[in-house]
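Proteins come first, then strands; the chains are lettered A, B, ... in the order of their sequence lines, and each starts at number 1. Since the structure is predicted, the reported quantities are computational estimates derived from the model, not experimental observations.
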There are 2 protein chains.
Amino acid sequence: MSSPLSWGPPHPERADAARNRQRLLTTARELLSEAGPDSLTMDRLAERSGLGKGTVFRRFGTRAGIFQALLDDNERALQHEILSGPPPLGPGAAPVDRLTAYGSARIRFLTENEDIARAATEGRRPGGRRPPMSQIHIRVLLRELDLPGADVDVLTGQLASALEAPLLLQLLDAPEQDRSALTARFEVGWRYLVERVCGSTGTTAG
Amino acid sequence: MSSPLSWGPPHPERADAARNRQRLLTTARELLSEAGPDSLTMDRLAERSGLGKGTVFRRFGTRAGIFQALLDDNERALQHEILSGPPPLGPGAAPVDRLTAYGSARIRFLTENEDIARAATEGRRPGGRRPPMSQIHIRVLLRELDLPGADVDVLTGQLASALEAPLLLQLLDAPEQDRSALTARFEVGWRYLVERVCGSTGTTAG
DNA sequence: CGCGTAAGCGGGGTAAAGTCCGCTTATGTC
DNA sequence: GACATAAGCGGACTTTACCCCGCTTACGCG
């Protein structure tokens, strides 16, 4: 049983729809490699694919959606390695090792697809994104902690990203839960993370 | 001197510019509370502030920039508490405690400003955001690890957010560094995080 | 094989974002 | 207080995302 799990669209598309999606993705990649992300407009993509604008929007919903779709599509190979490739990325290794392996793989994947990832994430660059308050504050505190072997700058980013809006909003989107309970969970989760990372790990073993 | 540190714009604005920024923020809040985020268009904001559209864009660069600015402005109070409020949020407590306190404060801040945060982050909702591959995979592995006292769902989100595009892209934006070194750092950082969290913490103490 | 129907398609229309560049005005200097 | 100059301003203009809704077509069923 390779059990492909449920990582496919739960609702299979009609044959022509699938064909058009493929055509659109291909054209998108062409435009991208020919003239960069800015040249990839919905109109142009539609026309050059020989399809209607409506179709493009039906498929991807949003301009960012196209880049997201491209990214997802490129991610398929990685997905396959995880499901049925060799360890430690694939099954068979210890969970911790699979976790670190997955992280490395994903980081490499993102750097290889930097331009697409960038286009999928940021709309336009609103100018100088100075590091926000969170990062400055967290960095200072981490430095005071003086964690041996830690890359403070990287760790700062990692912790800060756990306090960014998208994560919390995603949790809040969970249906039929009451807010206060969710935020409480989130706060406890944060405390857990901090304690683990900045860890009084040795104290218990004494 | 409460030493305001360097958390202000490093380049002071002209008096009229400052006044206009304030006017714009106020109007933005009015529009927001009167008719919701969707009603806040650049044109409307400009007109209702009695200013030109160019001014709005000069100030905020982008529609999302307005919401970001609103958020930043609302965050000022929190900022002040951190710099000179009572512990554990303010100075005087142990760094770890300040970290957890900061996290809690920020989480509460975000929930209180949910609508603005949402508008600042997501452009439009591209439809059903099913949880991406990262989360599914990480969640499975975390469950296998069976960490005592951990909220797996929350922890999943936290770890996944450390592998999301924005964080890596931000690091890659650092000037005059070579890519491979940065990604290597990032990979090491990830390994560090995973080991800390999923911790073979007791093993060293044995 | 023909029919019903729901999914998919098309492309014109609208409103909003973001750009440009000449004009205005704050601010520092003599 | 007049001047020089650089920052700020305005609003017409262009481009583009995104919506709408009648038409077309794939595909399951009898």
Side-chain angles (χ1 to χ4, degrees), chain A residues 8-28 31-32 35-70 119-129, chain B residues 8-28 31-32 35-70 119-129:
Chain A
H11 186 69
E13 9 178 37
R14 234 167 67 174
D16 55 347
R19 183 164 36 78
N20 284 344
R21 143 173 270 123
Q22 209 50 49
R23 190 198 258 319
L24 286 169
L25 287 179
T26 303
T27 309
L31 284 170
L32 219 50
D38 288 349
S39 74
L40 179 40
T41 85
M42 303 303 255
D43 276 335
R44 199 138 32 204
L45 176 57
E47 188 187 19
R48 193 145 154 185
S49 303
L51 297 170
K53 222 195 310 194
T55 306
V56 178
F57 277 94
R58 161 170 290 264
R59 277 281 84 83
F60 303 114
T62 258
R63 187 185 130 93
I66 293 175
F67 294 101
Q68 195 57 54
L70 284 175
T121 319
E122 69 189 31
R124 300 284 178 112
R125 43 197 64 213
R129 289 270 52 164
Chain B
H11 186 71
E13 7 177 39
R14 235 166 67 171
D16 54 347
R19 184 164 34 78
N20 284 342
R21 141 173 273 121
Q22 209 49 50
R23 190 198 257 321
L24 285 169
L25 287 179
T26 303
T27 309
L31 284 171
L32 219 49
D38 287 349
S39 74
L40 179 40
T41 83
M42 303 304 253
D43 275 333
R44 200 137 34 204
L45 176 58
E47 187 187 20
R48 193 148 153 182
S49 303
L51 297 171
K53 216 199 315 195
T55 306
V56 178
F57 276 94
R58 160 171 289 264
R59 269 314 102 210
F60 302 114
T62 258
R63 188 185 128 93
I66 292 175
F67 294 100
Q68 194 58 54
L70 284 174
T121 320
E122 69 189 30
R124 301 283 178 114
R125 43 198 64 209
R129 286 273 54 167

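- Following rounding to the nearest Å, B/Arg23 (CZ) and D/dG8 (C1') show an atom-to-atom distance of 15 Å.
- Two residues are said to be in side-chain contact when any heavy atoms from C-beta on lie closer than 4.5 Å; B/Thr27 and B/Leu51 fail this criterion.
- Between A/Leu40 and B/Ala17, the one whose closest nucleotide on DNA chain D sits nearer the 5' end is B/Ala17.
- Here the side chains of A/Leu24 and A/Arg21 are not in contact, with every heavy-atom distance at 4.5 Å or above.
- Distance, B/Arg19 CZ to D/dC9 C1': 12 Å, rounded to whole Å.
- Look at CG on B/Asp38: it is 10 Å from P on C/dA16, rounded to the nearest Å.
- OP1 and OP2 of C/dG8 both lie 4.0 Å or more from every side-chain N or O belonging to A/Asn20.
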List every contact pair, protein side and nucleotides 11-15 of chain C side both N or O, where the distance is under 3.5 Å.
{"unit_1": "C/dG11", "atom_1": "N7", "unit_2": "A/Lys53", "atom_2": "N", "d": "3.3"}
{"unit_1": "C/dG11", "atom_1": "N7", "unit_2": "A/Gly54", "atom_2": "N", "d": "3.0"}
{"unit_1": "C/dG11", "atom_1": "O6", "unit_2": "A/Gly54", "atom_2": "N", "d": "3.2"}
{"unit_1": "C/dG13", "atom_1": "O6", "unit_2": "A/Lys53", "atom_2": "NZ", "d": "2.5"}

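- D/dT14 atom C1' lies 16 Å from atom CE of B/Met42, rounded to whole Å.
- Distance, A/Phe57 CZ to D/dC21 C1': 16 Å, rounded to whole Å.
- Contact of B/Arg14 with D/dA7 (side chain to base): a donor-acceptor pair of N or O atoms is detected under 3.5 Å.
- Within the 3.5 Å criterion, the main-chain N or O of B/Ala119 finds no donor-acceptor partner in the side chain of B/Arg63.
- By the 6.0 Å contact criterion, CZ on B/Arg23 is open, its count of non-hydrogen atoms from other residues, nucleotides or ligands being 12 or less.
- When heavy atoms are screened at a 4.0 angstrom cut-off, B/Arg59 is found touching the sugar-phosphate backbone but no base atom.
- OP1 or OP2 of D/dG8 sits under 4.0 Å from a side-chain N or O of B/Arg58.
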Would you check, one step at a time, whether the test side-chain contact (heavy atoms from CB on, under 4.5 Å) holds for A/Ile66 with A/Met42?
CA-CA 9 Å; A/Ile66 293 175; A/Met42 303 303 255; 3.4 Å; yes
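- In this structure, B/Phe60 atom CZ and C/dA17 atom P are separated by 13 Å, rounded to whole Å.
- Judged by distance alone, the side chain of B/Thr62 and the main-chain N or O of B/Gly65 form no donor-acceptor pair under 3.5 Å.
- Distance, B/Glu47 CD to C/dA16 P: 12 Å, rounded to whole Å.
- Between the CZ atom of A/Arg63 and the P atom of C/dA17 there is a distance of 16 Å, rounded to whole Å.
- Note: A/Ser49 OG to A/Arg59 CZ = 12.5 Å, rounded to the nearest 0.5 Å.
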